[in-house]
Q: 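To start, I am sharing the structure in question, which I have written as structure tokens.
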Amino acid sequence: PSCNARIAAMTAATEIDDRYDPLAIEPALAQQWYDDRRWDLDDTTRGRERFYALTMFPYPSGDLHMGHAEIFSIHDALVRHLRMTGHRVLNPFGWDAFGLPAENAARKRGADPARWTLDNIEEQAASIRRLGYSFDWSTRLETCDPAYYRWTQWIFLELLRAGLVDRKDGLVNWCPGCETVLANEQVIDGRCERSDDVVERKPLTQWYFRITEYAQELIDDLESIDWPERVKTMQRNWIGRSEGAEITFPVAGPGQDEVVVYTTRPDTIFGATYFVFAPEHPLVAARMGDDEEFAAYVEEVSRRSDIERQSTMGEGRRDKRGLRLNFDMVNPFTGEQIPAFAADYVLMDYGTGAIMAVPVGDQRDFEFARAHDLDIRVIIHPTDDDGELLEPLDADTMSEAYVGPGVMVNSGDYDGLEWDEAKARIIDDVEDRGWGVGTVNYRLRDWLISRQRSWGAPIPMIHCDTCGPCPVPADQLPVQLPDDLDFQVNGSPLAMHPTWKHVDCPECGRAAVRDTDTMDTFVDSSWYFLRYLAPNDDTRAWPIDKANAWLPIDQYTGGVEHAILHLLYARFFVKALRDRGHLAVDEPFQALLNQGQVILDGAAMSKSRGNLVTPTEIVDEYGADTMRGTILFASAPEDDIDWADMSPSGMYKWLSRVWRLNVELGADEVEDAGSDADVAALRRAVHERIIAASSDYDNRKYNTALAKMMEITNAIMEADRAGVAGAPIREALDTVLLLLAPICPFITDVLWERRHGDSVHDQDWPVGDATLLVAETVDLVVQVNGKVRGEVTVAADADQAAVEAAAGADDNVARFLADGTVRRVIHVPGRLVNFVVA
RNA sequence: GCGAGCGUGGCGGAAUUGGCAGACGCGCUGGGUUUAGGUCCCAGUGGCCCCAACGGGCCGUGGGAGUUCAAGUCUCCCCGCUCGCACCA
């Protein structure tokens, strides 16, 4: 059905012709698009080349905010433009629907988390339709749907079979506000990424995904994907690869005890004058026994939060407290006994939890040595970048560690070697003598996925006293959440449920209990882009052939806040699933676009700040086309938008003008008129802008593309004043509608249909006719010594002599040429001519 | 401290990659039409200066130097802002 007929039927007003009235046309058209499943990808969809366009699915915390409006407006312009340029676009949508806010709502207001979540989803879905975003609703999914999380659980079991799931003890991050453990990635500056509470350390047994197995590949494959460099850098830093050696230090005195350290600077080993253990190191506990001072120290350390432990605030940088232990270590290279300490600047979960301390070459060791009056031994003579010797170091007067290049001294056989050469030689020698091995180390930790929460996918494991942890058999999936959880209890409602966890062991049949933790919601979002390929398939998670045909995702759009968390986890999933035979691609997201934020008066918008501007209020006043246009006209997609600087009324004014020009000048029956020159000028302006705007679209510069369209409407008004009418004007108006359709889908659809009877969204992208741009004459800027002194019009094919003659004839130019002799003339055809005069 | 990015009118932002700085829009000023209008149309709008006017000159892209016939764009130094990392041995 015609959209104009539909609008007329749905609006009581009969006359909508004269005035641009988005509030009359948009809701009717949005409803029609939804009823018609207008944007579903099916056999009737035009387009040849496959393109998987994905936008990060939202969490349904309430209605859409401006950030959503920005990301979806950018994404939809991209998608609609691709469709018009012959692509077959997969453009799915869903919700990341598990998470703590639903539980908090349940606890505070007694709401059912499922109800609360689904209500919010319906609200967001209605807003998305109202804003005209062309998502394929046949793909719709929600991660809290058992039909979805059944396969989340299946993936868990697949990873288990692949040996990529661990259950292990450890000191874990505990967020007291969320009452759950967190992954390392969810701790930002010692605080919970969600609630901002200070994170505590707790010893717990938890489930982990062994993402560290893929550390090297996760670094290497960054080379092959087209992502912003800063995001790649953030991932590289997070994974934190370093090269060095593990070296064994014997404990001095009787006994066979040995301790392995990890160091990136084995070349400095002759400067290792003491030794430090993390306070939690098992050998320390064994050796110190129930020493009271030590017990007190460990107790004090454990009370410190990570914030205190890692604080970089204040003048004295880090507090270098430590405790002298009751034994010494032996430096294997010098044979010397060196004192051993426990200090919390050494972390149990990096390297081996113990270090050789080299005060001369490591700032932390230097500070500790100064604080505890320990030996600082100079083992390196600094050199500059060219290898020239600089002033030697003086242990008594130096004020900080030296970390630059140099030549080894006081280092036995290695004296005189460059530091990097010494490093290689010492690693070789360590290996030859059986004292250690050269190694690569990563900062990345395994991904802790257990959460002591109830609105999430239950971990499909059963704990049996006899058999240990057993996987839930595949035919018993999904392990479904009970629908009668009590959210007023202390602790996890799922764990406190009276009956849910009691089951028989799948191995031996005896009474056993389910694991009552749920999976981190980042597990849900690590594979949703695969489920979109067949969201209703109840026989498998996704069809492999289809996944291989559509992946990797050609364009992923979303916020930079996921630079590490979500993007790293999803990459890991794809690699692990590939190795399990479920996929044939290495990376999920070939290209990534991080759109900027929408802020207000320089500050992030938030409910608590009370500075919220919502898409709904903009749409209610100006309509969706104006809001979308305003966002895209503001700046490039990557840049932040300060809404205080924006004026939707400007965009509204221009769209009104587009409407009016179409109504007043665009009718079929208007006869052709205007001089050849004026018609040619209009057509040249139009085709020039088609070419320019097309390239802007290709580069996702929607702001300048819109500027080109505005230039066309300016040219139309000028041509109209010059007496041009009929076909040339209609061509120009059509061009604006076609170029504008991806950004403002409502107004363009209505106006196009009136003149052509079909939908603008089914048209091919316009092609600029470059031959129309060729003019007989060109205007050249005339410079004298690089300064503009005039302008001349010459034949387009004029040679240098003709150009010089014409340029020299200009009065003002002649005035400046008279000041000296022309030494050189530079002629850039079509642009300028520059006389060099001396 | 380390790494990356960015500094252009009153504002958001343009500038074929070295070739007329300020496209397009907002705002502002003046004029016109209609006038109940916050509508619509036209003109102007970086700063300083010369001219009755037409015109014209000088300066100008955070600051300073350099390369070039020509620099917002390339090179070096400095200043400022934003983001990321930061006891990772």
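Computed over heavy atoms, backbone and side chain alike; hydrogens, waters and symmetry mates excluded.
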Q: Determine the Euclidean distance between corresponding C1' atoms of B:A71 and B:C76; express it in Å to zero decimal places.
A: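 After rounding to an integer number of Å, I get 15 Å for this pair.
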Q: A:R445 near the nucleic acid: base, sugar-phosphate alone, or nothing, with a heavy-atom cut-off under 4.0 Å?
A: nothing
Q: Could you work out which one of B:G12, B:C20, B:A86 sits closest to the side chain of A:E791?
A: B:C20
Q: Considering only atom P, compute the distance from B:U29 to B:G80 and round it to an integer number of Å.
A: 38 Å
Q: Identify every side-chain donor-acceptor pair in residues 261-276 of chain A under 3.5 Å, counting partners at least two apart or on other chains, and give the distances.
A:
unit_1	atom_1	unit_2	atom_2	d
A:Y262	OH	A:S242	O	3.2
A:Y262	OH	A:S242	OG	2.7
A:T263	OG1	A:R265	N	2.9
A:R265	NE	A:D267	OD1	3.3
A:R265	NE	A:D267	OD2	3.2
A:R265	NH2	A:D267	OD2	3.0
A:T268	OG1	A:R265	O	2.8
A:T273	OG1	A:D375	O	2.8
A:Y274	OH	A:Y345	OH	3.2
A:Y274	OH	A:D365	O	3.0

Q: When all nucleic acid strands are considered with a 4.0 Å heavy-atom cut-off, which category describes A:S635: base, sugar-phosphate, or nothing?
A: sugar-phosphate
Q: What side-chain donor-acceptor pairs closer than 3.5 Å can you find for residues 632-646 of chain A, not counting sequence neighbours?
A:
unit_1	atom_1	unit_2	atom_2	d
A:D640	OD1	A:Q597	N	2.7
A:D642	OD1	A:D601	N	2.8
A:D642	OD1	A:A644	N	3.1
A:D642	OD2	A:D601	N	3.4
A:D642	OD2	A:G602	N	2.8

Q: Pick out the pairs of N or O atoms, protein on one side and nucleotides 5-10 of chain B on the other, that lie under 3.5 Å.
A:
none

Q: What does A:G240 touch in the nucleic acid at a heavy-atom separation under 4.0 angstrom: a base, only the sugar-phosphate, or nothing?
A: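 Contact class for A:G240: none.
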Q: Any idea if B:U17 is syn or anti, going by the 90°-from-0 cut?
A: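 Glycosidic conformation of B:U17: syn.
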Q: Pick base, sugar-phosphate or nothing for A:R230, based on heavy-atom distances below 4.0 Å to the nucleic acid.
A: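 Result for A:R230 = sugar-phosphate.
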Q: Which nucleotide, in any strand shown, forms a Watson-Crick or G-U wobble pair with B:G84, with both distances under 3.5 Å?
A: B:C2
Q: Quick one, which residues of residues 697-705 of chain A touch RNA chain B with a heavy atom under 4.0 Å?
A: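 Contacting residues: A:K701, A:N703, A:T704.
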Q: Give the nucleotide from the list B:C42, B:C85, B:A89 with an atom nearest to the side chain of A:M717.
A: B:C42
Q: Less than 6.0 angstrom separating the ring centers of A:W435 and A:F249, yes or no?
A: no
Q: Are more than 12 heavy atoms, taken from residues, nucleotides or ligands other than A:Q216, located less than 6.0 Å from that residue's CD atom?
A: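 Count over threshold, so yes.
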Q: Taking only the side-chain heavy atoms of A:K653 (C-beta and beyond), determine which of B:C42, B:A23, B:G27 contains the nearest atom.
A: B:G27
Q: Does A:R660 place a side-chain N or O at less than 4.0 Å from the phosphate oxygens OP1/OP2 of B:C41?
A: yes
Q: Taking O4'-C1'-N9-C4 for purines and O4'-C1'-N1-C2 for pyrimidines, is B:G9 syn (within 90° of 0) or anti?
A: syn
Q: Tell me the partner of B:U61, counting only Watson-Crick (N1-N3 plus N6-O4 or O6-N4) or G-U wobble (N1-O2 and O6-N3) with both under 3.5 Å; none if nothing fits.
A: none
Q: Any idea which heavy atoms bring A:Q783 and A:G786 closest together, and the distance?
A: OE1-CA, 3.6 Å
Q: Classify the nucleic acid contact of A:M651 as base, sugar-phosphate or nothing, counting any heavy atom under 4.0 Å across all strands shown.
A: nothing
Q: With a 4.0 Å cut-off on heavy atoms, is A:R815 in touch with a base, just the backbone sugar-phosphate, or nothing at all?
A: sugar-phosphate
Q: Would you please name every residue forming a side-chain contact (heavy atoms from CB on, under 4.5 Å) with A:A69, sequence neighbours left out?
A: A:Y133, A:P615, A:M627, A:I631
Q: One thing to verify: whether A:E229 and A:R236 come together as a salt bridge, which I'm taking to mean a side-chain N less than 4.0 angstrom from a carboxylate O.
A: yes
Q: When rounded to the nearest Å, what value does the distance between P atoms of B:C78 and B:C28 take?
A: 44 Å
Q: Please give the nucleotide sitting opposite B:G44 as a Watson-Crick or G-U wobble pair, both distances under 3.5 Å, or none.
A: B:C28
Q: Give each protein N/O atom lying under 3.5 Å from an N/O atom of nucleotides 65-71 of chain B, with the pair distance.
A:
unit_1	atom_1	unit_2	atom_2	d
B:C69	OP1	A:R824	NH1	3.1
B:C69	O2'	A:N834	ND2	3.3
B:C69	O2	A:N834	ND2	2.6

Q: Please report the distance separating the P of B:U75 from the corresponding atom of B:C6, rounded so that it comes out in whole Å.
A: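 Nearest-Å result for B:U75 against B:C6 at atom P: 12 Å.
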Q: Heavy-atom nearest nucleotide on RNA chain B for A:D362 versus A:V828: which residue maps closer to 5'?
A: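 Its nucleotide being nearer the 5' end, the pick is A:V828.
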Q: Identify whether NZ of Lys or CZ of Arg in A:R443 sits under 6.0 Å from the centre of the six-membered ring of A:W238 and within 45° of that ring's axis.
A: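 That pair qualifies as a cation-pi contact.
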Q: Need one value for A:E229: base, sugar-phosphate or nothing, where a base atom within 4.0 Å counts as base even if backbone is also close, heavy atoms only.
A: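 Here A:E229 touches no strand at all.
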Q: So which heavy atom on A:V813 is nearest to which on A:R789, and how close?
A: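 Smallest interatomic distance, heavy atoms only, reads CG2-O, 3.9 Å.
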Q: My understanding is that a pair needs two contacts under 3.5 Å, Watson-Crick or G-U wobble. By that rule, which nucleotide pairs with B:U39?
A: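 Across all strands, not a single nucleotide pairs with B:U39.
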Q: Taking a pair as Watson-Crick or G-U wobble with both distances under 3.5 Å, which nucleotide is matched to B:U34?
A: none
Q: Identify whether any heavy atom of A:K708 sits under 4.0 Å from a base atom; if not, whether one sits that close to sugar-phosphate; answer base, sugar-phosphate or nothing.
A: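 Since no nucleic acid heavy atom lies under 4.0 Å of A:K708, the category is nothing.
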Q: Does A:R789 reach a base, just sugar-phosphate, or nothing at all? Heavy atoms under 4.0 Å.
A: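 Sugar-phosphate: the residue A:R789, judged by heavy atoms under 4.0 Å, touches backbone atoms but no base.
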Q: Nearest to the side chain of A:I355, heavy atoms from C-beta on, is which of B:A89, B:C85, B:C26?
A: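 Output: B:A89.
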Q: Which atoms form the tightest heavy-atom contact between A:L780 and A:R831, and what is the distance?
A: CD2-N, 3.3 Å
Q: About how many Å separate CZ of A:R191 and CG of A:D196, when rounded to the nearest 0.5 Å?
A: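 So the CG of A:D196 and the CZ of A:R191 are separated by 5.0 Å.
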Q: Between A:Y442 and A:I188, just flag the one whose closest nucleotide in RNA chain B comes earlier from the 5' side.
A: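 Mapping each residue to its closest nucleotide by heavy atoms, the 5'-most match is A:I188.
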Q: Using a 4.0 Å heavy-atom cut-off, does A:N714 contact any base of the nucleic acid, only the sugar-phosphate backbone, or nothing at all?
A: sugar-phosphate
Q: Please classify the nucleic acid contact of A:R657 as base, sugar-phosphate, or nothing, using heavy-atom distances under 4.0 Å.
A: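 Sugar-phosphate: the residue A:R657, judged by heavy atoms under 4.0 Å, touches backbone atoms but no base.
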Q: Search all heavy atoms of A:I376 against all heavy atoms of A:A369 and return the closest pair with its distance.
A: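 For A:I376 versus A:A369, the nearest heavy atoms are CG1-CB, 4.1 Å.
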Q: B:U16 pairs with which nucleotide, Watson-Crick or G-U wobble, both distances below 3.5 Å?
A: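 WC or wobble partner does not exist here.
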Q: Within the structure shown, what part of the strands sits under 4.0 Å from A:F816 by heavy-atom distance: base, sugar-phosphate, or nothing?
A: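 Counting heavy atoms under 4.0 Å across all strands, the contact made by A:F816 is with sugar-phosphate only.
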Q: Base, sugar-phosphate, or nothing: which does A:N812 touch, judged by heavy atoms less than 4.0 Å apart?
A: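 Sugar-phosphate, no base atom in range.
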Q: Could you let me know what B:G66 is paired to, Watson-Crick or G-U wobble, both distances under 3.5 Å, or none if it's on its own?
A: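 Its partner is B:C74.
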Q: Do the side-chain N or O atoms of A:Y350 get closer than 4.0 angstrom to the phosphate oxygens (OP1, OP2) of B:A89?
A: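 The answer is yes; a side-chain N or O of A:Y350 sits under 4.0 Å from OP1 or OP2.
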